[in-house]
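One structure is given here, and the rest of the page talks about it.
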Amino acid sequence: REGILKTAKALVEDTKVLVQNATASQEKLAQAAQSSVSTITHLAEVVKLGAASLGSEDPETQVVLINAMKDVAKALADLISATKAAAGKAGDGPAVYQLKNSAKVMVTNVTSLLKTVKAVEDEATKGTRALEATIEHIRQELAVFSSSVPPAKTSTPEDFIRMTKGITMATAKAVAAGNSCQQEDVIATANLSRRAIADMLHTCKEAAYHPEVSADVRQRALRFGRECADGYLELLEHVLVV
């Protein structure tokens, strides 16, 4: 635990240097990026050790910890890309706005990891923490989904229909967790919900951008995808306060 906290703090410092060097020379920017990558590689190793120390009898909590680490790694990759894009740009341009937004997500995800690390040893709060982390993850996925950037690949409407089955399973799990109020049920719900909603949003956007889909149908599909995710977030927030 101490190793994770110490390395995460070092990563925050690296992140500050990275953002500050967005307007510096390419060499300084590359050095800052390399330092961040080195620190996060070490952080991933320490988190893996921490997850392993929880023991095989608690796999859902191990997944919560690994997912928190994945979120930090993705945020750093996005931040490095945003920093490169903002290099040498005007202070009020869209690239700099994206950089500031990426930096906020990075801080949010590192904070979330630290909270998760502190909660895994606390039987009374680890389910609640897992659910809070999932809600934040879904919000971040929703922000990407709602952006005008098209997906890297497209899927068929049939792929999307298959993916919605996961939402049905996750919804049933969430309702059951709300009824039982058991921490292990809440953790399992958090993990399943995270995967189901992220998969749904990815496939929905990919299907909406399929070349055979009209612009009108695309807009409707994207709207329904957003409404589905928003509705599911409300459900998770109800489970959180039960």
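Screening Thr39, Leu79, Val107, Ile40 for a side chain to side chain contact (heavy atoms under 4.5 Å, CB included) with Thr15, the sole residue that qualifies is Leu79. Screening His202, Arg162, Glu206, His210 against Ser155 for a side-chain hydrogen bond (donor to acceptor under 3.5 Å, both in side chains) leaves a single residue, Glu206. A side-chain hydrogen bond (donor to acceptor under 3.5 Å, both in side chains) with Asp14 holds for exactly one of Ser35, Ser38, Ser36; it is Ser35.
The nearest pair of heavy atoms linking Ala119 to Thr125 is CB-OG1, 4.1 Å. Smallest separation of non-hydrogen atoms from Ala221 and Ala208: CB-CB, 4.2 Å. Of all heavy-atom pairs between Arg226 and Ser146, the closest is CD-OG, 3.4 Å. Across all their heavy atoms, Ala130 and Val64 have their closest contact at CB-CG2, 3.7 Å. Nearest heavy-atom pair across Val17 and Ala32 is CG1-CB, 4.1 Å. When all heavy atoms of Val239 and Ala174 are compared, the closest pair comes out as CG2-O, 3.6 Å.
Counting heavy atoms from C-beta on, the side chains of Val213 and Thr154 never come closer than 4.5 Å. Here the side chains of Val72 and Val47 are not in contact, with every heavy-atom distance at 4.5 Å or above. Put simply, the side chain of Leu5 reaches to within 4.5 Å of the side chain of Lys118, judged on heavy atoms. Contact of the Gln140 side chain with the Val105 side chain is registered, since non-hydrogen atoms from C-beta on lie closer than 4.5 Å. At a threshold of 4.5 Å between non-hydrogen side-chain atoms, the residues Ser81 and Gln98 do not count as touching. Contact of the Leu236 side chain with the Ile138 side chain is registered, since non-hydrogen atoms from C-beta on lie closer than 4.5 Å. Two residues are said to be in side-chain contact when any heavy atoms from C-beta on lie closer than 4.5 Å; Ser193 and Lys173 fail this criterion. The closest side-chain heavy-atom distance from Thr128 to Gln183 is below 4.5 Å.
In this structure, the separation between NZ on Lys74 and CE on Met106 is 12.0 Å, given to the nearest 0.5 Å. A distance of 9.0 Å separates CG of Asp199 from CD of Glu141, quoted to the nearest 0.5 Å. Taking CD of Gln62 as the reference point, atom CD1 of Ile187 lies at 11.5 Å (rounded to 0.5 Å). Atom CG of Leu65 sits about 11.0 Å away from atom CG of Leu49, to the nearest 0.5 Å. Separation of atoms CG (Asn21) and NZ (Lys16) is listed at 14.0 Å; rounding is to 0.5 Å. Taking CZ from Arg139 and CD1 from Ile197, the interatomic distance works out to 13.0 Å, rounded to the nearest 0.5 Å.
Ion pairing between Glu13 and Lys9 fails under the 4.0 Å rule for side-chain N and carboxylate O.
Both Leu76 and Val46 belong to a common hydrophobic cluster when Ile, Leu, Val, Met, Phe, Trp and Tyr are linked at side-chain heavy-atom distances under 4.5 angstrom. Follow the hydrophobic side-chain contacts under 4.5 Å out from Leu43 and you reach Val12 in the same cluster. Hydrophobic clustering keeps Met69 apart from Ile135 (ILVMFWY residues linked when any side-chain heavy atoms are closer than 4.5 Å, directly or through intermediates). In terms of hydrophobic clustering, with Ile, Leu, Val, Met, Phe, Trp and Tyr side chains grouped at heavy-atom distances under 4.5 Å, Leu142 and Tyr209 are assigned to a common cluster. Under a hydrophobic clustering in which Ile, Leu, Val, Met, Phe, Trp and Tyr are joined whenever their side-chain heavy atoms come within less than 4.5 Å, directly or via other members, Leu11 and Ile80 fall into the same cluster.
In this structure, Asp71 contributes its side chain and Ala68 its backbone to no donor-acceptor pair below 3.5 Å. Between the side chain of Thr134 and the backbone N or O of Ala190 there is at least one donor-acceptor pair closer than 3.5 Å. The closest donor-acceptor contact from the side chain of Lys115 to the backbone of Ala133 lies at 3.5 Å or more, if one exists at all. Checked by atom type and distance alone, the side chain of Tyr232 never pairs as donor or acceptor with a backbone atom of Ile167 at under 3.5 Å. Counting only distance, with no hydrogens or angles, the side chain of Asp185 and the backbone of Cys181 share no donor-acceptor pair below 3.5 Å. Judged purely by atom type and a 3.5 angstrom limit, Ser53 uses its side chain to pair as donor or acceptor with the backbone of Gly50.
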Give the C-alpha distance, both sets of side-chain angles, the deciding distance and a yes or no for side chain to side chain contact (heavy atoms under 4.5 Å, CB included) between Lys126 and Asp58.
-> CA-CA 12 Å; Lys126 65 181 184 179; Asp58 196 4; 2.9 Å; yes
List the steps and the verdict of side-chain hydrogen bond (donor to acceptor under 3.5 Å, both in side chains) for Asn109 and Ser112.
-> CA-CA 5 Å; Asn109 288 1; Ser112 182; 5.8 Å; no
Go through the steps to decide whether Glu237 and Val241 satisfy the test side chain to side chain contact (heavy atoms under 4.5 Å, CB included), and finish with yes or no.
-> CA-CA 7 Å; Glu237 280 161 356; Val241 297; over 6 Å; no
Might you work through the salt bridge (charged side-chain N to carboxylate O under 4.0 Å, His left out) test for Arg129 and Glu132, ending with a clear yes or no?
-> CA-CA 5 Å; Arg129 177 66 217 129; Glu132 287 172 347; 3.0 Å; yes
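Taking a 6.0 Å sphere around CD of Glu227, one finds it holds more than 12 heavy atoms contributed by other residues, nucleotides or ligands.
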